[in-house]
Amino acid sequence: MGGVALAAEPEKPATDKPQTDKPQIDRPLGVVELFTSQGCSSCPPADEFFAELAGKDDIIALAYHVNYWDYLGWQDTLSTKENTERQYDYMRAFGSRSVYTPQAVINGRSHVNGASRKDVDGALARMDRTGEGMRVAIKVSRTSDRVMIDAGDAGNGPADAHVVIVYFDPPQMVKIGQGENSGRSLTYWNAVSDIQTAGMWHGKAQRYELPLTEIAKKGGCAVLLQSVGKDGMPGPILGAAFIHKP
């Protein structure tokens, strides 16, 4: 777990009064997971659009840099094996035959071209209308030594999901020296650095806890309430929120 410990202890009082990080939306419009690469010439337009999404309060925007384009001459400085594996898991979950960049996965339910504003915005709006958006409220608060994640009740909805903690880097500019984007300096937002499955949710309101020290040493953090199929593949995301650093 890399030092992360979540515990469902709704009856345990906090050591001091909880404080919310800032006014937040406990049911954002949706989650956009962009799979991108510094070595892919088709990705800069998607990265630029993603920067806009990352600046919105009602979107949980996460960028997963993958490594399978490294052979083109430039090793993506933000890619991880785990990011690539997550995209392949989505490929299998969607019944697709291949992976591609830039790919935007919307709410864990479908994928579109990550450079297409029309397709991304359209998928978010459509899912919001059809009840495939964020159905479970997630509220984040903190004390001096811990972060509390309160997941709401599903009502008559899905009964099981994983509590997934996604850490990401602060915005950073990268000067690309080789490959298809050689000579370009590009700024990347919310590049995922670590993914941890840290607990289970069973459809009822429940509280989870994180040590504040774990959050403080990361660039940024989000929590996803994501259902998982019997085959272990990722499914629909039911709720999400950012966990802001103190």
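Note that the structure is predicted; figures quoted are calculated from it, not measured. Count residues from 1 along the sequence.
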Spatial distance of atom CD (Glu85) from atom CD1 (Ile195) [nearest 0.5 Å]: 9.0 Å
Side-chain heavy atoms of Glu214 within contact of Cys221, under 4.5 Å: no
Close side-chain approach of Trp201 and Leu238, heavy atoms under 4.5 Å: yes
Under the ring-ring contact (aromatic ring centres under 6.0 Å, His included) test, residues paired with Phe50 that sit two or more places apart: none
Point-to-point distance, once rounded to the nearest 0.5 Å, from NE2 of His244 to CD1 of Ile215: 11.5 Å
Exam field: side chain Ser182 to backbone Gly177, donor-acceptor pair closer than 3.5 Å: yes
Pair His202, Asp160: side-chain N/O donor-acceptor within cut-off below 3.5 Å: yes
Side-chain donor/acceptor of Glu132 to backbone N/O of Arg109, under 3.5 Å: no
Side chain to side chain, Tyr68 and Thr101, heavy atoms closer than 4.5 Å: yes
In one Ile/Leu/Val/Met/Phe/Trp/Tyr side-chain cluster, 4.5 Å: Leu78, Tyr88: no
Leu62 and Val32, any side-chain heavy atoms less than 4.5 Å apart: no
Minimal non-hydrogen separation, Gln226 against Pro234, with atom names: NE2-CB, 3.5 Å
Polar side-chain atom of Arg27 near backbone of Arg135 as donor-acceptor pair, under 3.5 Å: yes
Minimum-distance pair of heavy atoms, taken over all atoms of Gly219 and Pro170: CA-CD, 3.7 Å
Same apolar cluster (I L V M F W Y, side chains within < 4.5 Å links), Trp189/Phe35: no
Shortest non-hydrogen contact between Phe168 and Ala222, atoms and distance: CE2-N, 4.0 Å
Same cluster (ILVMFWY, side-chain, under 4.5 Å), Phe94 and Ile237: yes
Heavy-atom closest pair, residues Val192 and Asn83: O-ND2, 3.3 Å
Partners passing side-chain hydrogen bond (donor to acceptor under 3.5 Å, both in side chains) against Ser79 (at least two apart in sequence or in another chain): none
Qualifying ring-ring contact (aromatic ring centres under 6.0 Å, His included) pairs with a residue from residues 128-153, counting only residues at least two apart or across chains: none
Linked, directly or transitively: Tyr167 and Leu34 (ILVMFWY side chains, under 4.5 Å): no
Pair listing, side-chain hydrogen bond (donor to acceptor under 3.5 Å, both in side chains) test, anchored in residues 33-54, at least two apart: Glu33-Tyr64, Glu33-Arg86, Glu33-Tyr90, Thr36-Asp47, Gln38-Trp74, Gln38-Asp76, Gln38-Thr77, Ser41-Glu180, Glu52-Arg117
Listed once per pair and sorted, the ring-ring contact (aromatic ring centres under 6.0 Å, His included) pairs that draw on residues 115-137, sequence neighbours left out: none
Side chain to side chain contact (heavy atoms under 4.5 Å, CB included) between Met127 and Ser110, intermediate numbers included: CA-CA 10 Å; Met127 291 183 190; Ser110 68; 3.1 Å; yes
Distance in Å, Asp145 CG paired with Glu209 CD, rounded so as to fall on 0.5 Å steps: 8.5 Å
Contact check, side chains of Leu124 and Ile59, non-hydrogen atoms, under 4.5 Å: yes
Side chain to side chain, Leu225 and Val163, heavy atoms closer than 4.5 Å: yes
Derivation and outcome, side chain to side chain contact (heavy atoms under 4.5 Å, CB included), residues Phe242 and Val140: CA-CA 8 Å; Phe242 281 122; Val140 177; over 6 Å; no
Note, Met148 side chain near Thr143 side chain (heavy atom, < 4.5 Å): yes
Rounded distance [0.5 Å steps], CG in Asp153 versus NZ in Lys204: 5.0 Å
Short side-chain to backbone donor-acceptor contact, Asn190 and Ala63, under 3.5 Å: no
Remaining members of the apolar cluster that contains Met233, side-chain heavy atoms under 4.5 Å: none
Gap between atom OG1 of Thr197 and atom NE2 of His162 - 0.5 Å precision: 6.5 Å
Same apolar cluster (I L V M F W Y, side chains within < 4.5 Å links), Val228/Ile138: no
Residue pairs, two or more places apart or on separate chains, that pass ring-ring contact (aromatic ring centres under 6.0 Å, His included) and touch residues 118-142: none
Residues in side chain to side chain contact (heavy atoms under 4.5 Å, CB included) contact with Leu186, at least two apart in sequence or another chain: Pro44, Ile176, Arg184, Tyr188
Heavy-atom donor-acceptor pair, Asn107 side chain to Gly30 backbone, under 3.5 Å: no
Donor-acceptor side-chain pairing of Asp194 and Gln196 below 3.5 angstrom: yes
Set of ring-ring contact (aromatic ring centres under 6.0 Å, His included) partners for Phe49, sequence neighbours left out: none
Side chain to side chain contact (heavy atoms under 4.5 Å, CB included) evaluation trace for Val120 with Leu53: CA-CA 10 Å; Val120 172; Leu53 295 175; 4.2 Å; yes
Any side-chain heavy-atom pair of Leu210 and Ile149 under 4.5 Å: yes
Heavy-atom closest pair, residues Ser193 and Thr80: O-CG2, 4.3 Å
Rounded distance (nearest 0.5 Å) linking atom SG of Cys40 with atom NE2 of His65: 11.5 Å
Pairing residues for Tyr100 by the ring-ring contact (aromatic ring centres under 6.0 Å, His included) criterion, not counting sequence neighbours: His111
Sequence-distant partners of Arg129, side chain to side chain contact (heavy atoms under 4.5 Å, CB included), two or more places apart: Ala125, Arg126
For Asn181, side-chain hydrogen bond (donor to acceptor under 3.5 Å, both in side chains) partners two or more places apart: none
Pair Ser116, Asp119: side-chain N/O donor-acceptor within cut-off below 3.5 Å: yes
Nearest non-hydrogen partners of Val31 and Ala240, listed with the distance: CG2-CB, 3.5 Å
